[in-house]
Amino acid sequence: VAKTNTNELRDAKCKTLGTTSVASVVPAGAVKTTPPPAPPTSGDGDLPPSGGDDDGVQPEDVADAFCAAHTIAYHNGLYYHWNGRCYRHWPDKHTEARVTSFIRHERTGKPATHFVGNTLLNIRAQSFLDASVEPPVWLAGHTECTDTCIVVRNGILNIDRLMREGSAVALTEHTPDFFTVNALDFDHDPQAECDAWLKFLDEVLPDDDLQALMQEWFGYCLIPTQRYQKILMMQGEGANGKSVVCSILKLLIGRDNCA
């Protein structure tokens, strides 16, 4: 079988079509291939569309670093951040702004919106708590009842242990393992006195049994349960201390813990 020159076949085909082949008019090797254009950039430091960075950073890497710097819990569709005592709600926009600021601090340039979104997705996956989890609850390493655990400024106070064993063992250090959204804004001080409060009660509520009832009600309001199914109704004419009692109770519980 005779071999036919490729250019001759191409010339013959082009003549039939009434055209001229490139090979017949351009010397071999004169045609240069132009490389494809580089992907467009926004010019403001956006990460590539792949979701990663030119230095290999991926959203999951940023999520790991962010969760290492911030203790986050994602529960029932809400972000919670442990502030050193309890978990406080972070609105979605606040969390997004925090993550964006974190990325910009760690690297130069504004991160692309999809990169921030993928980072948030990874944060949610890492910090997810099942909907069956109801605060307050111990997340790990504890078996004690949470109904009588109260977070105060200087630790976690276990009321049951306080009554049985005393303050020395009833107060433990704050830990993110205790998932609660409430904390009181004062220390537990077993030596504290309340002379002004007792004097006020003697003036407006001199009955010892009623004072004991008031103390019991204040204690009931401090625990995170309504298991006794009780309410308190205060009756009396004006200017006899009811508003003062409610104000003191609100300050004791904390404004952030009141509906």
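For reference, positions follow the sequence shown, starting with 1.
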Using the rule that Ile, Leu, Val, Met, Phe, Trp and Tyr join whenever any side-chain heavy atoms are under 4.5 Å apart, tell me whether [X] and [Y] fall into a single cluster.
| X | Y | answer |
| --- | --- | --- |
| Phe102 | Phe115 | yes |
| Ile248 | Leu222 | yes |
| Leu252 | Leu171 | yes |
| Leu157 | Met163 | yes |

Can you find a heavy atom in the side chain of [X] that is under 4.5 Å from one in the side chain of [Y]?
| X | Y | answer |
| --- | --- | --- |
| Leu129 | Leu139 | yes |
| Asp187 | Val152 | no |
| Ile150 | Ile159 | yes |
| Arg124 | Leu120 | yes |
| Ser127 | Tyr80 | no |

Please give the remaining members of the hydrophobic cluster of Leu251, linking ILVMFWY side chains under 4.5 Å, ordered by chain and number. none

Who else is in Ile231's hydrophobic cluster (ILVMFWY, side-chain heavy atoms under 4.5 Å, direct or via others)? Met233

Show me, pair by pair, the donor-acceptor contacts under 3.5 angstrom made by side chains of residues 60-76, not counting sequence neighbours?
| from | atom 1 | to | atom 2 | distance (Å) |
| --- | --- | --- | --- | --- |
| Asp61 | OD2 | Gln58 | N | 2.9 |
| Asp64 | OD1 | Gln126 | NE2 | 2.5 |
| His75 | NE2 | Val133 | O | 2.6 |

Grab the two heavy atoms, one from [X] and one from [Y], that are nearest each other, plus how far apart they are.
| X | Y | value |
| --- | --- | --- |
| Leu162 | His188 | CD1-NE2, 4.1 Å |
| Trp82 | Thr175 | CZ2-C, 3.6 Å |
| Cys86 | Arg88 | SG-NE, 3.6 Å |
| Leu232 | Met214 | CD2-SD, 4.4 Å |
| Arg104 | Pro111 | CG-CD, 3.5 Å |

Pairwise distance SG(Cys149) to CZ(Arg161) - rounded to 0.5 angstrom: 9.5 Å

Within this structure, what is the CG-CD1 distance for the pair Asn118 and Ile123, rounded to the nearest 0.5 Å? 11.0 Å

State which residues pass ring-ring contact (aromatic ring centres under 6.0 Å, His included) with Phe218; sequence neighbours excluded, sorted by chain then number. Trp197

If you count heavy atoms of other groups shown closer than 6.0 angstrom to CZ of Arg164, is the number above 12? yes

With [X], which residues qualify under side chain to side chain contact (heavy atoms under 4.5 Å, CB included), at least two apart?
| X | result |
| --- | --- |
| Asn240 | Lys242 |
| Val204 | Phe200 |
| Pro206 | none |
| Asp92 | Tyr79 |

With sequence neighbours excluded, residues passing salt bridge (charged side-chain N to carboxylate O under 4.0 Å, His left out) with Arg98: none

Donor-acceptor pairs are to be reported for all side-chain atoms of residues 177-185 against protein atoms at under 3.5 Å, with residues two or more places apart or in another chain.
| from | atom 1 | to | atom 2 | distance (Å) |
| --- | --- | --- | --- | --- |
| Thr180 | OG1 | Asn182 | N | 3.3 |
| Asn182 | ND2 | Asn257 | OD1 | 2.9 |
| Asp185 | OD1 | Arg85 | NH2 | 3.4 |

With Ser101, which residues qualify under side chain to side chain donor-acceptor pair (under 3.5 Å), at least two apart? none

For residues 202-221, pull every pair meeting side-chain hydrogen bond (donor to acceptor under 3.5 Å, both in side chains), keeping only residues two or more places apart or in separate chains. Asp202-Gln211

Working for side-chain contact (heavy atoms from CB on, under 4.5 Å), residues Ile156 and Thr172: CA-CA 5 Å; Ile156 301 174; Thr172 57; 3.8 Å; yes

